[in-house]
Amino acid sequence: MTTEPKTLPAEPEGVPLAMAELGRDLLRRRAETGIADLPRNSGKRRTASKHALLKAVEEAGGKW
């Protein structure tokens, strides 16, 4: 059985994403669900390329 993809309404051209509004919406939705803090990814299933990328980020002074 297959389903037809649904088309989401498009954002008008040139409308920037309001990050403050997005943040407030995320906080509201977390409060509604009772989720206080989301768990971080354990990293147990990372590919070799992901390990190499994270190592390069760390060597460049970044912290992941």
Side-chain angles (χ1 to χ4, degrees):
M1 180 172 132
T2 60
T3 59
E4 292 296 317
K6 294 182 180 179
T7 303
L8 298 175
E11 287 287 328
E13 288 283 331
V15 175
L17 176 62
M19 296 305 288
E21 184 178 340
L22 175 64
R24 286 189 298 271
D25 187 46
L26 289 172
L27 288 173
R28 178 189 55 79
R29 289 189 287 160
R30 281 187 181 178
E32 287 175 359
T33 62
I35 298 173
D37 194 25
L38 298 174
R40 290 197 46 100
N41 185 329
S42 69
K44 292 180 181 178
R45 299 176 353 156
R46 288 190 177 138
T47 62
S49 62
K50 181 66 173 220
H51 283 289
L53 173 65
L54 295 177
K55 182 179 178 187
V57 167
E58 186 177 330
E59 289 172 354
K63 182 180 178 187
W64 183 253

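All residue numbers in this chain count up from 1 along the given sequence.
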**Q** By side chain to side chain contact (heavy atoms under 4.5 Å, CB included), which residues pair with L27, not counting sequence neighbours?
**A** none
**Q** Taking only residues two or more places apart in sequence or in another chain, which ones pass side chain to side chain donor-acceptor pair (under 3.5 Å) with T47?
**A** S49
**Q** Just to verify, what does R45 make a salt bridge (Lys or Arg N to Asp or Glu O under 4.0 Å) with, not counting sequence neighbours?
**A** none
**Q** Applying side chain to side chain contact (heavy atoms under 4.5 Å, CB included), name anything that partners R24, two or more places apart in sequence or on another chain.
**A** A20, E21
**Q** Check salt bridge (Lys or Arg N to Asp or Glu O under 4.0 Å) between E32 and all other residues, then give those that pass, not counting sequence neighbours.
**A** R28
**Q** Kindly list each side-chain donor-acceptor pair under 3.5 angstrom involving residues 53-60, sequence neighbours excluded, with atom names and distances?
**A**
none

